[in-house]
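The structure appears below as structure tokens.
Residue numbers count from 1 along this sequence.
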Amino acid sequence: MDTFKVLSDLFNEYQSMLHEATIELRHARNREKQLREEMDAKTLMSEEDACRHLKKTPRSIRYCREAKNMPHIRKEAEIWYIKGDIDAWLKKGSVNMHKL
């Protein structure tokens, strides 16, 4: 009877530890996902990258930048975009990308 009690207690302790570890792992995965999304939003894109991201032609991208105030960074002759800024601009509803 004592052996059964000891084994039962050990089993319950291991089960509790496994449950806690599972919760910690879930939190760690959620945090990793959040950090990846934050890093992705800070991605610096060339015009070619922006075209791929938005699935639009360079002409459409230029139109959005010049006529619709799409966020961009101009460094001498080069133009760069920050992915998160473009996504936020789209969510704001400044332009309907389906019509371009």
Any side-chain heavy-atom pair of His53 and Asp87 under 4.5 Å:
yes

Distance (rounded to the nearest 0.5 Å) between [X] [atom1] and [Y] [atom2]:
X     : Y     : atom1 : atom2 : answer
Cys64 : Leu90 : SG    : CG    : 8.0 Å
Leu54 : Met70 : CG    : CE    : 6.0 Å
Ile73 : Leu44 : CD1   : CG    : 6.0 Å
Glu13 : Leu10 : CD    : CG    : 6.5 Å

Residues which pass side chain to side chain donor-acceptor pair (under 3.5 Å) with [X], listed by chain and number, not counting sequence neighbours:
X     : answer
Gln15 : none
Arg62 : Glu47
Asp9  : Lys5
Thr57 : Ser60

Is it true that, when you exclude Glu38 itself, more than 12 heavy atoms of the residues, nucleotides or ligands shown sit nearer than 6.0 Å to its CD?
yes

Hey, can you pull the donor-acceptor pairs under 3.5 Å for the side chains in residues 76-86, sequence neighbours left out?
| residue | atom | partner | partner atom | Å |
| --- | --- | --- | --- | --- |
| Glu78 | OE1 | Trp80 | NE1 | 3.2 |
| Tyr81 | OH | Arg65 | NH1 | 2.7 |
| Lys83 | NZ | Asp40 | OD2 | 2.7 |

Atom pairs and distances, side-chain donor-acceptor, residues 20-29, under 3.5 Å, sequence neighbours left out:
| residue | atom | partner | partner atom | Å |
| --- | --- | --- | --- | --- |
| Thr22 | OG1 | Leu18 | O | 2.8 |

Using a 4.5 Å cut-off between side-chain heavy atoms of Ile, Leu, Val, Met, Phe, Trp and Tyr, which other residues end up in the same hydrophobic cluster as Leu35?
none

Contacts of Arg31 meeting salt bridge (Lys or Arg N to Asp or Glu O under 4.0 Å) (sequence neighbours excluded), chain-then-number -> none

